[in-house]
Amino acid sequence: MCGYLRAGALADARGVFERMPARDAASYSALISGHARLGSPAAAGVELLGRMRLAGMAPTEYTFVGLLTACARRGNPRLGSQVHALAVKGNSPCDGGGGSLLVDNALLGMYVKGGRFDDALKVFDGMERRDISSWNTVLSGLVELGRYDEAFELFGDMRDSGVGADRFSLSALLAAAAEGFGLHEGAAVHALSLKSGLEMDLSVGNALVGFYAEHGHSIEDVVDVFERMPAKDVISWTGLLNGYMEFGLVDMAMDVFDRMPVRNFVTYNAVLTGFNHNKEGVRVTFARKSGLRGLGLFKQMLEDGLEISDVTVTGVLNACAIAADRKMSEQVQAFAIKCGCGSTPWIDAALIDMCIKCGRSGDAHLLFEKWRHEESYHIAWNSLLAASFRDGEYEKALSTFLKMFRSNDVQFIDEFILTTVLGACGALGFAEFGKQMHCFASKSGLLSAQGVGNAIISMYGKCGALETAVNVFKRMPCRDLVSWNALITSHLLHRQGDEILDLWSQMEKLPIKPDSVTFLLVISSCSYTSSNSADKCRELFLSMSSIYGIEPAVEHYAAFVHILGCWGHFEEAEQLIGKMPFKPSALVWRSLLDSCNRRPNMTMRRLAMKHLLALEPQDPSTYVLASNLYSESARWQCSESTRLKMREKGMRKIPARSWTFHGNSIHSFFARDRSHPQSKDIYAGLDVLILECMKAGYEPDTTFVLHDVEEYQKRHFLMYHSVKLAAMYGLLMSGHVETIRVVKNVRMCGDCHSFLEYTSAATGKEILVRDSAGFHIFRGGKCSCTVTTRITTTQGHGDEGEGRGGERVSYERDTKIVNAGSFTIEREDHTIGNILRMQLHRDPNVLFAGYKLPHPLQYKILVRDEKIRYEERPKQGY
């Protein structure tokens, strides 16, 4: 019978048992243990126990060990507690207090695996004798429950009692260090394994590989442990593969995968999870590529006939979400249903996330309505909330959150939900709501979470409260790379290039390795420094690969090209584009065009526009750009034809929209929008305000209207841009509030900028406007962007969705303004006399005050001072 049991032939063993002419307690105990070891239901052991007792035989310690093992393996603590009670009532050696050590250990294992850890502790505390197995059972139970501090305390008690650690103890401690502590505790356990000679043990080596994959300084820490292991199994290789994935070395991980002598479904799951983990990058195409590779790996798993677990299904759902393939998502969902995967919180949450990212929001809401997991209800809410945030529907995200808040207890708000809500507040510039969430984080204890602290910095920076963002940063007990990136972004929005370079100098002295995002932010800041920082930008760009091992992506090249152009190094910018290791994208040419608008260079401008129109012929903004170029040269018929083609193809540019805040509500406006309930008051107030500003010297700049209409119509178009309407509503509702906050989804045009300068002086209010280029703080007739030079841009910014916007750059203060047709230049006082004396030839190639005129026009020179206005019309031919 025992021979058959050792061979796994349970039916044959049972047949021998039934034919035995005489049976003793050992026969029953052996068969009960065999049933437990071979995975039979616990009821089979109970039936044998009943027959044993009817035969007048008392259970032995081996009988109880077999029964308790069956209860542990089948997850039946209720039956296990009945066996425990039987042992106590029968005065057997197993009483949880001083009989058989073997049975006591079985009781510990049954209660720990059955989820009744408190009962396990009672048994443990009542044991007169404990061996290493007793300690390890409780130790592993503490680790599984996430009670890592108690696990290390128990290990200290274990050593004090004179029991030495074995491979199971060290493996459990390394798991605790990986999950709950960090490098210091894990290194201490590693040192102990060296002292005890257990480092070469297979299970300890595997645990060390897994630990350093999570907390190692580099992949070398993982490789060193792996290479020193005398024996390796599939877990060792999978741990090495996972290490490469954790450090972002996907290609090297796949090389390990190809070299593995044996693979199992866990290995495939590790690769699938690794692809999903490494989806983040500067370029979205990288993410989609990772998702497609994950789907390909899943197909290979099916072809190889490997086991499909819940982890596999969750991983393939995430991969499909990353790939954002609608048709594929429907196939994967159908497979999950056909293969009989149970409805678990993780699979259902991944399904909702996949549907949302694949454009199936309707299906996602249907799944949410059928949600059955009360304990993880907030996971589904969070998925819907994050989906709205990812899609740029920030108002919908806040609406979803408030609905969650009203229908649930505040306990559902965790770190991830709060981070998403703070991100939505920052994107909208909703400072008041963001402050309320900051207070909630402080009261609920979530403020200590690193992600929440970083989100608060970002929120305040995007809401214009830079000083508050800096204070939150300084008060953080621990700052990671995301904290520094959030602070740098806040300064970048306020165009504080010098401050960002100071922050970079501080980062260089800290053990924080910058990433590609950090470099993109710091390089971009070089356009806002007080002096020429092209050399510093060049140094930063070259150090990416030479010092930090980060290969510049197309975004870094585009930023560098923009900086070179902003500081007049156009030849170097052109050379850089020619030497790029990949084909220059539209982003690079847009950056060059932007820099040409900052420092006019017609040759580079034409070159950039030529490539941009060729690269993105189906982009709506490209049609707008072409139309504006035609309008600039007074080719109105070509301009209208281009717009007509755009409309025939169903293309629409995102309309300009501005919004402001009042009474915890967001009030949105479009150009010439009359849908607001108080539109009559807004328009009446704006008409009065425009007249007051014109008395103070404001003159509507109709060069920003690229339509072939009469002058009075152009002025009408300018008067009711969305930012003017939003600012007017803010002024009407401000009361004693000193600051009016307005957010605009595209760049503010130059005329609106000029108008708000005069408005701030006329009303005595501070007007804070955030557009796509950053913040403008208007106070006392001046803007924080320190305007001294403005060159108009033809990239389709402006409330018409078709007009031109303005870009302002800081050089000097106290300037006079010269308008030359549709080209605006500002210079210091001493240059005005020279400008007025210049001959204005109709040749478009003539230089005018250092700038080439974009096209021949009849020019009118208008010099404005604070109180005096001079007009001089050129003679015919000039």
Compare all side-chain heavy atoms of [X] with those of [Y] and state whether any distance is below 4.5 angstrom.
X: K744; Y: S722; result: yes
X: H676; Y: I682; result: yes
X: L725; Y: H721; result: no
X: S760; Y: E766; result: no
X: Y683; Y: R674; result: yes
X: S679; Y: D673; result: no
X: R495; Y: H776; result: yes
X: H667; Y: W659; result: no

Hey, is the main chain of [Y] close enough, under 3.5 Å, to the side chain of [X] for a donor-acceptor pair?
X: R770; Y: V742; answer: no
X: S784; Y: I777; answer: yes
X: S754; Y: G750; answer: no
X: N745; Y: P655; answer: yes
X: S734; Y: L731; answer: yes
X: S442; Y: H438; answer: no

Kindly compute the distance separating [atom1] ([X]) from [atom2] ([Y]), expressed to the nearest 0.5 Å.
X: F430; Y: T660; atom1: CZ; atom2: OG1; answer: 10.0 Å
X: L385; Y: E393; atom1: CG; atom2: CD; answer: 11.5 Å
X: L521; Y: L493; atom1: CG; atom2: CG; answer: 9.5 Å
X: I456; Y: N471; atom1: CD1; atom2: CG; answer: 13.0 Å
X: L492; Y: S527; atom1: CG; atom2: OG; answer: 7.5 Å
X: K403; Y: L384; atom1: NZ; atom2: CG; answer: 9.5 Å

Notebook entry, point to check: Which is it for T759 and K765 under the side chain to side chain contact (heavy atoms under 4.5 Å, CB included) test, yes or no, and what are the steps along the way?
Noted result: CA-CA 8 Å; T759 299; K765 300 279 187 179; over 6 Å; no
Which heavy-atom pair separates [X] from [Y] by the least distance, and what is that distance?
X: L756; Y: A727; result: CD2-CB, 3.9 Å
X: A441; Y: V452; result: CB-CG1, 4.0 Å
X: L398; Y: A424; result: CD2-CB, 3.9 Å
X: L686; Y: M719; result: CD2-O, 3.4 Å
X: V470; Y: H491; result: CG2-NE2, 4.0 Å
X: F389; Y: A397; result: N-CB, 4.2 Å

Next item on the list: Could you check F416 against T419 for side chain to side chain contact (heavy atoms under 4.5 Å, CB included), going step by step and ending with a plain yes or no?
Entry: CA-CA 5 Å; F416 305 104; T419 301; 5.7 Å; no
Check: Can you say whether the rings of Y729 and F669 are parallel (under 30°), tilted (30 to 60°) or perpendicular (over 60°)?
Finding: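 Correct class here is tilted.
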Notebook entry, point to check: Salt-bridged, R326 to D363, with N to O below 4.0 Å?
Noted result: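 Answer for the salt bridge query: no.
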Next item on the list: Inspect the contact between R657 and E395 and indicate whether a charged nitrogen and a carboxylate oxygen are less than 4.0 angstrom apart.
Entry: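 Answer for the salt bridge query: yes.
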Check: Where do M459 and M437 land on the side chain to side chain contact (heavy atoms under 4.5 Å, CB included) test, with the steps shown first?
Finding: CA-CA 10 Å; M459 181 273 295; M437 289 297 98; over 6 Å; no
Item checked: Candidate pair Y394 and S388, rule side chain to side chain contact (heavy atoms under 4.5 Å, CB included), full reasoning -> CA-CA 6 Å; Y394 306 116; S388 298; over 6 Å; no
Next item on the list: Give me the one residue out of Y698, F778, Y758 that meets ring-ring contact (aromatic ring centres under 6.0 Å, His included) with H753.
Entry: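 Going through Y698, F778, Y758 one by one, the ring-ring contact (aromatic ring centres under 6.0 Å, His included) with H753 is satisfied by F778 alone.
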